[in-house]
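These notes concern the structure reproduced below.
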Amino acid sequence: MSEIKKIGVLTSGGDAPGMNACIRGVVRTALYHNLEVYGIKSGYNGLIQNDFVKLESTDVHNIVQLGGTILKTARSKEFMTPEGREKAYQNLREQGIDGLIVIGGNGTFTGASAMLREFDLPVIGVPGTIDNDLFGTDMTIGFDTAVNTVVEAVDKIRDTADSHNRIFFIEVMGRDAGFIALRSGIAAGATDILVPETVTYIDELVEILEKGFLKNRKSGIVIVAEGDDAGGAFDVANKVKEKYNHIDTRVTVLGHIQRGGTPSSYDRILGGSLGYGAVNALLEGRKGEMVGVKNNNLNYTPLEKAIKHHKNIRTDLLKMARILSNY
Ligand code: F6P
C-alpha cells in the first residue's frame, strides 16, 4: 500500500508544447487514485515562495490543446542554492506534500536530484523540453511540435529563397544539442545541417553550396543549430560569404516561435501518457527517476543518469540528409 496521499506538480525551465497535456495527465490520474494534487506556480520559485494551488479536475478542463504551461515556469537561481532548497523542502512539508512531479529538462532534473539527495524526497521527473536532449527517452514533450513549427517556417522561407535565388541560413534552437536541427532539416529537405555535436568545416559547406550552384540550383537552405561550433546563423553566413561572395545570402533566426503554439497530437499523447506514468511511478514507490518513452513503452531512468549520460545524435543521418538533398 502506497503512503503517498498528496502530490505536487510543477513545470520548470523552458516551456514546451504538451506540458499542459502532461499536467492534465498528472491531475486526472492522481484524482482517479484519490490523491490530492497541488500545482506549484513558476517552477522551483513557487516552491520557495509557497505558491501552491489545489488542482481539481475542472482546472485542467480544456487545456490539452494549449501550448505553454498553465502553471507557468521559470529558471530559478535561488533553487540552485542549498538555502533555497531547504526553504522549498520546508514548504512542501508544511503543505503535507509527500511526492513531487517535475516536468522539464536538464536544469529541472538537476534540482530534483538534489532534493532527493538532500531530503530523500520522492520525486519523479518528466522530460519536457523542445531540445530532446535527455538520455533515457526517445522523445521529450514539445520536440515534435517544435520540429513541425520549424518545418512550416522553412517551407515558407524556401518560397522566397527560390524566387530570389538566395541561400538562407536558418537558426533553430538547441544550445547544446542538434536534435531540432537534424530532424527539421531532413523534413524540410535542407541543403546542409550544422549541429553542435559535429565539427563544422566552412570549406566543406562552401563546396556543397558550389556544387549545387553548378547544378543550376541557385537557392538553398542551411539549418544551423544555435549552439554550432562555427557560431550562430549570422556567423556562419559571414564565414561562407568571405569564401564564396557571389551568392546572395539571408539569415533568419526562428527563436521562440519554436517554443509556442498548439501541441501536435504526438506531444499531447506523450504528455498525457508520461503524466499518467509519473503518478503511477510515485504510487509504486519509485523515486529519483525520470519516466520516458522507449520504443513506445514507458521507461524509467535514474535522474542522475538522465542528466549525466549524453544522448547521442545520429550523425549518419547528417550524411543521409546531404545525399537526399542531392548537392
Ligand atoms: O531549453 C530549451 C531552450 O528552448 C533552448 O533550445 C534554448 O537555447 C533556450 O531554451 C532558450 O532559453 P530562454 O527562453 O530562457 O532564453
Side-chain angles (χ1 to χ4, degrees), residues 2 4-76 78-79 84-85 87-105 107-109 111-112 115-116 119 121-129 140-142 259-260 263 267-268 270-283 287 290-291 303:
S2 162
I4 306 270
K5 298 264 178 294
K6 217 189 233 195
I7 66 167
V9 57
L10 60 82
T11 48
S12 152
D15 61 331
M19 279 183 162
N20 281 326
C22 185
I23 295 166
R24 173 178 174 267
V26 167
V27 171
R28 296 253 163 97
T29 308
L31 295 176
Y32 172 80
H33 289 289
N34 296 318
L35 306 179
E36 275 185 72
V37 203
Y38 282 80
I40 297 145
K41 304 301 279 292
S42 302
Y44 292 122
N45 283 343
L47 267 191
I48 295 169
Q49 290 153 15
N50 221 346
D51 200 355
F52 295 66
V53 51
K54 190 162 188 223
L55 296 174
E56 303 294 353
S57 187
T58 48
D59 295 316
V60 293
H61 171 66
N62 235 336
I63 66 165
V64 74
Q65 77 283 18
L66 300 181
T69 159
I70 59 160
L71 291 177
K72 306 214 180 258
T73 186
R75 301 188 196 276
S76 174
E78 204 182 342
F79 196 74
R85 291 194 293 274
K87 249 196 241 171
Y89 180 64
Q90 289 312 329
N91 287 336
L92 280 171
R93 282 194 54 150
E94 271 162 33
Q95 289 282 343
I97 290 175
D98 31 39
L100 182 67
I101 293 172
V102 298
I103 308 165
T108 307
F109 292 175
M115 289 297 268
L116 174 79
F119 309 106
L121 178 78
V123 56
I124 293 291
V126 178
T129 162
T140 55
I141 296 169
R259 286 235 296 259
D267 278 327
R268 297 179 198 198
L270 183 66
S273 311
L274 295 185
Y276 173 84
V279 175
N280 287 331
L282 281 177
L283 291 173
K287 57 177 152 182
M290 176 192 82
V291 55
L303 285 175

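We number each residue from 1, following the sequence as shown.
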(request) Given side chain to side chain contact (heavy atoms under 4.5 Å, CB included), test Leu10 with Ile103 step by step and report yes or no. (result) CA-CA 6 Å; Leu10 60 82; Ile103 308 165; over 6 Å; no

So [Y] and [X], do their side chains get closer than 4.5 Å, heavy atoms only?
{"X": "Val53", "Y": "Lys41", "answer": "yes"}
{"X": "Val27", "Y": "Asp59", "answer": "no"}
{"X": "Val26", "Y": "Ile7", "answer": "yes"}
{"X": "Tyr44", "Y": "Thr108", "answer": "yes"}
{"X": "Pro127", "Y": "Ile141", "answer": "no"}
{"X": "Asn91", "Y": "Leu47", "answer": "no"}
{"X": "Ile40", "Y": "Val9", "answer": "no"}
{"X": "Asn20", "Y": "Val64", "answer": "no"}

What is the distance from atom [atom1] of [X] to atom [atom2] of [Y], rounded to the nearest 0.5 Å?
{"X": "Met290", "Y": "Leu303", "atom1": "CE", "atom2": "CG", "result": "8.0 Å"}
{"X": "Ile4", "Y": "Glu36", "atom1": "CD1", "atom2": "CD", "result": "13.0 Å"}
{"X": "Met19", "Y": "Leu66", "atom1": "CE", "atom2": "CG", "result": "14.0 Å"}
{"X": "Ile63", "Y": "Thr69", "atom1": "CD1", "atom2": "OG1", "result": "8.0 Å"}
{"X": "Leu71", "Y": "Ser42", "atom1": "CG", "atom2": "OG", "result": "9.0 Å"}

(message) Test your reading of the model: is there a side-chain donor-acceptor pair from Asn45 to the backbone of Ala74, 3.5 Å cut-off?
(response) no

(message) Using a 3.5 Å distance criterion without hydrogens, assess whether the side chain of Asn280 forms a donor-acceptor pair with backbone atoms of Gly277.
(response) no

Could you pull out the closest heavy-atom pair between [X] and [Y], with the gap in Å?
{"X": "Ser12", "Y": "Gly43", "result": "CB-CA, 4.1 Å"}
{"X": "Gly18", "Y": "Pro263", "result": "N-CB, 3.6 Å"}
{"X": "Thr140", "Y": "Thr129", "result": "OG1-O, 2.6 Å"}
{"X": "Gly104", "Y": "Phe109", "result": "O-CZ, 3.7 Å"}
{"X": "Ala278", "Y": "Val126", "result": "CB-CG2, 3.8 Å"}
{"X": "Ala16", "Y": "Gly128", "result": "CB-C, 4.2 Å"}

(message) Under a 3.5 Å threshold, yes or no: a donor from one side chain and an acceptor from the other, between Arg28 and Ser57?
(response)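 The criterion, which ignores hydrogens and geometry beyond distance, is satisfied for Ser57 and Arg28.
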
(request) Determine whether more than 12 heavy atoms belonging to other residues, nucleotides or ligands lie under 6.0 Å from atom OH of Tyr276. (result)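 It does not: Tyr276 OH has 12 such atoms or fewer within range.
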
(message) According to ring-ring contact (aromatic ring centres under 6.0 Å, His included), does anything in residues 17-38 pair up with another residue at least two apart or in another chain? List the pairs.
(response)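 The answer is none; no pair qualifies.
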
(request) Start with the C-alpha gap between Leu116 and Lys287, add the side-chain angles, then the distance that decides, and say whether side chain to side chain contact (heavy atoms under 4.5 Å, CB included) holds. (result) CA-CA 8 Å; Leu116 174 79; Lys287 57 177 152 182; 3.8 Å; yes

(request) Dump the intermediate steps for side chain to side chain contact (heavy atoms under 4.5 Å, CB included) on Val279 and Leu35, then the final yes or no. (result) CA-CA 10 Å; Val279 175; Leu35 306 179; 4.1 Å; yes

(request) Would you mind listing every salt bridge (Lys or Arg N to Asp or Glu O under 4.0 Å) that reaches into residues 9-26, with sequence neighbours excluded? (result) Asp15-Arg259

(request) Kindly write out the residues that satisfy side chain to side chain donor-acceptor pair (under 3.5 Å) with Lys72, not counting sequence neighbours, or none if the list is empty. (result)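 Testing Lys72 for side chain to side chain donor-acceptor pair (under 3.5 Å), a comparison that skips the adjacent residues, returns none.
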
(request) Considering only NZ, NE, NH1 and NH2 on the basic side and carboxylate oxygens on the acidic side, decide whether Glu78 and Arg85 come within less than 4.0 Å. (result)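 So Glu78 does not pair with Arg85 through a salt bridge.
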
(message) Using side chain to side chain contact (heavy atoms under 4.5 Å, CB included), reason through Ser76 and Ile48 one step at a time and then give a plain yes or no.
(response) CA-CA 9 Å; Ser76 174; Ile48 295 169; 4.1 Å; yes

